Every structure is written in C-alpha cells, then in structure tokens.
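Throughout, residue positions are numbered sequentially from 1 according to the sequence presented. What you see is a predicted model; the values in this text were computed from it and never measured.
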Amino acid sequence: MTKELSMSDVQELITTAPPEVRKIIERVLKAERDKLYMKNPRHINDDILTIIKEEVQ
C-alpha cells in the first residue's frame, strides 16, 4: 500500500533534504520550467542526468 503525498509533505521533504540534494532538486525544477514553453519538450531526461552527474562529482 502506497501513501499519497500531499503538497506539504513534498515541501517538507525538500526543505529537510541535505543541501546537495536540494541543489539537485532546484536545478531539475529550473530545467523543467525552461522546457514548459516548448510544444514538444525534448531531452529533459538527459538534462536531469547531466545535472545529477555534475552534482555528484
């Protein structure tokens, strides 16, 4: 059985995450926002993978 998360649950997870994880989340959200205007957004998975690789190094 999975529990459905509320918006406040999600926000709490983000605010209590370690700084390294918060930075990844912020960069991923920005990348997604940058693609919102596109009719057919492409390569977001590649962008997310690049962000994670950069932050882990």
Side-chain angles (χ1 to χ4, degrees):
M1 184 166 115
T2 60
K3 177 186 171 200
E4 192 169 320
L5 294 175
S6 69
M7 184 60 92
S8 62
D9 292 334
V10 173
Q11 288 177 331
E12 180 182 347
L13 288 172
I14 293 170
T15 57
T16 60
E20 301 86 2
V21 175
R22 272 197 312 254
K23 188 168 183 183
I24 291 172
I25 293 169
E26 289 168 3
R27 289 186 62 194
V28 168
L29 289 174
K30 182 182 181 323
E32 289 179 338
R33 263 185 261 128
D34 291 346
K35 301 254 183 201
L36 283 177
Y37 74 93
M38 300 173 87
K39 185 174 182 174
N40 293 315
R42 299 178 189 263
H43 309 294
I44 189 65
N45 291 341
D46 294 336
D47 295 346
I48 293 170
L49 183 58
T50 300
I51 289 167
I52 293 170
K53 285 180 177 178
E54 289 174 359
E55 293 299 326
V56 170
Q57 287 183 355

Problem set entry | Main-chain N/O of Ile44 paired to Lys35 side chain as donor or acceptor, under 3.5 Å |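 Looks like no, no N/O pair under 3.5 Å.
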
For this session: For the pair Asp9 (side chain) and Ser6 (backbone), establish whether a donor and an acceptor sit closer than 3.5 Å, ignoring hydrogens and angles.
Result: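 Present.
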
Exercise. Please walk me through it: do Glu26 and Ile14 pass side chain to side chain contact (heavy atoms under 4.5 Å, CB included)?
Worked result: CA-CA 9 Å; Glu26 289 168 3; Ile14 293 170; over 6 Å; no

For this session: Please answer: with hydrophobic residues joined when any side-chain heavy atoms are less than 4.5 Å apart, are Val56 and Ile51 in the same cluster?
Result: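 Yes: a chain of side-chain contacts under 4.5 Å links Val56 to Ile51.
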
Exercise. Do Leu13 and Met7 belong together in a cluster built from hydrophobic side chains that touch within less than 4.5 Å?
Worked result: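 Different hydrophobic clusters.
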
For this session: Rounded to the nearest 0.5 Å, what's the gap from NZ on Lys53 to CD1 on Ile48? Could you check?
Result: 13.5 Å

Problem set entry | Taking every non-hydrogen atom, the tightest pair across Ile52 and Ile24 |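 Minimum heavy-atom contact is CG1-CG2, 4.1 Å.
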
For this session: Answer yes or no: is there a side-chain heavy-atom contact under 4.5 Å between Arg27 and Glu55?
Result: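 Touching, per the 4.5 Å side-chain cut-off.
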
